[in-house]
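Read the structure below first, then the notes.
The figures that follow rest on heavy atoms only: side chains count, while hydrogens, waters and symmetry mates do not.
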Amino acid sequence: MTIAGVLSSVHAVNGAGSCGYVVCSEQLFTELAGNMGYTAIDVQLSNSNDDAAVTAIRDSFPADSSVSDKRLSNQESQSANYTGAIFIYGFLIIIAFITVFNIFNSMNASVAFRTKQYGIMRSIGMGVNQLYKMIAAEAFTYAIPGCITGCILGLPLNKLMFQYLIAEKWGTGWTVPVGPLLIIVVTCLTSAGIAIRRPMKQISGMAIVDTIRLQQSFVYGAQSIS
């Protein structure tokens with residue numbers, strides 16, 4: 001006999017004591033226990049609102065049989081599950097939007113702070129492609145270490161929460177969430193790549209004369225301060 005799986009919990013009332021349950025085919029059940037008939041039948045409906053099917057099932061059983069309708073409790077559990085999922089995933093979406101906006105704001109602020117430096121570099125012969133590579137290197141220098149740090153700090157926290165919220169109740173083992181990690185890393189790197197497009201358009205649209213004026217005003221300002 002091959003064991004295909006082990007159930008951590010069942011919905012039926014355990015009348016077998018410490019022996020538990022064995023889920024098997026009808027043929028194997030007959031070979032093990034003989035033709036003893038059924039003591040419990042679990043029926044799952046494709047349409048939970050099919051009252052006619054429930055009435056037909058009730059009428060097909062003897063009068064001394066007990067029929068338990070769990071449709072209402074299942075709907076309540078499903079509604080609670082949907083409510084929790086909406087709250088959790090909504091919170092995660094808000095965090096993702098905050099992360100993306102923070103990347104955009106950080107890059108815009110960094111480029112705006114160094115606009116004079118970029119203007120001076122262009123006035124002495126640096127090309128737009130070189131500036132683009134420099135800004136891109138700065139953006140991914142922020143993004144890549146941020147992703148690595150987030151994975152190092154987030155994975156132990158994810159494992160700890162999984163053990164307290166899921167593993168202790170359902171016995172499910174923790175595995176590295178490769179899919180969500182890839183989504184987070186791709187989102188951060190894509191946001192960093194998109195965030196540098198607007199500053200690059202702004203810098204590439206600056207005329208060389210304007211950059212020289214920025215350089216002169218920067219030098220005159222420094223002399224007046226000294």
Side-chain angles (χ1 to χ4, degrees), residues 78-167 169-170 172-215 217-218 221-222:
Q78 191 173 16
S79 299
N81 187 19
Y82 287 154
T83 303
I86 291 173
F87 174 77
I88 293 174
Y89 287 108
F91 184 70
L92 293 177
I93 290 173
I94 292 174
I95 293 177
F97 275 116
I98 293 174
T99 302
V100 172
F101 290 147
N102 188 25
I103 293 174
F104 276 83
N105 291 332
S106 298
M107 288 308 305
N108 288 330
S110 177
V111 173
F113 180 75
R114 299 182 181 180
T115 301
K116 292 183 179 181
Q117 298 179 9
Y118 297 146
I120 295 172
M121 292 177 184
R122 287 202 62 194
S123 66
I124 61 177
M126 179 176 283
V128 177
N129 292 331
Q130 292 176 322
L131 283 175
Y132 181 81
K133 292 179 181 179
M134 190 172 86
I135 296 175
E138 181 181 357
F140 287 104
T141 301
Y142 295 152
I144 294 176
C147 291
I148 296 175
T149 304
C151 292
I152 294 175
L153 298 179
L155 284 176
L157 181 61
N158 178 271
K159 183 178 180 180
L160 181 63
M161 295 179 64
F162 188 91
Q163 290 178 348
Y164 278 106
L165 298 177
I166 298 177
K169 295 182 179 180
W170 288 282
T172 305
W174 180 82
T175 55
V176 178
V178 179
L181 280 179
L182 291 178
I183 293 175
I184 293 171
V185 172
V186 170
T187 301
C188 291
L189 296 180
T190 304
S191 301
I194 298 174
I196 63 177
R197 295 185 61 184
R198 182 176 177 274
M200 274 306 306
K201 289 182 179 180
Q202 181 180 0
I203 294 176
S204 60
M206 295 172 57
I208 300 297
V209 177
D210 295 334
T211 57
I212 295 175
R213 289 177 180 175
L214 285 175
Q215 180 184 4
S217 62
F218 178 76

- Query: Would Leu189 and Ile144 satisfy side chain to side chain contact (heavy atoms under 4.5 Å, CB included), going step by step from the backbone distance to the final call?
  - Reply: CA-CA 7 Å; Leu189 296 180; Ile144 294 176; 4.0 Å; yes

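Annotation: the span from Asn105 atom CG to Ile98 atom CD1 amounts to 11.5 Å, rounded to 0.5 Å. The line from CD1 of Ile103 to CE of Met107 is 10.0 Å long, rounded to the nearest 0.5 Å. Rounded to the nearest 0.5 Å, atoms CG (Asn102) and CD1 (Ile95) are 13.0 Å apart. Rounding to the nearest 0.5 angstrom, the gap separating the CD1 atom in Ile135 from the CD atom in Gln130 is 12.0 Å. Residue Arg197 holds its CZ atom at 8.0 Å from OH of Tyr132, rounded to the nearest 0.5 Å.
Surrounding CE of Met161 are at most 12 heavy atoms belonging to other residues, nucleotides or ligands under 6.0 Å away. When the shell of 6.0 Å around CZ of Phe140 is examined, it contains more than 12 heavy atoms from other residues, nucleotides or ligands.
Taking the side chain as every heavy atom from C-beta outward, Leu155 and Leu181 approach each other to under 4.5 Å. The side-chain heavy atoms of Ile94 and Phe97, taken from C-beta on, include no pair separated by under 4.5 Å. Side chains of Glu138 and Ile196 form no contact here, defined as non-hydrogen atoms less than 4.5 Å apart.
In terms of modelled atom types and a separation under 3.5 Å, the side chain of Asn158 and the main chain of Gly154 share no donor-acceptor contact.
Closest heavy-atom contact between Ala192 and Ala139: O-CB, 4.1 Å. Here the closest heavy-atom approach between residue Trp174 and residue Val176 is recorded as CH2-CG2, 3.9 Å. Here the closest heavy-atom approach between residue Leu153 and residue Pro156 is recorded as O-CD, 3.7 Å.
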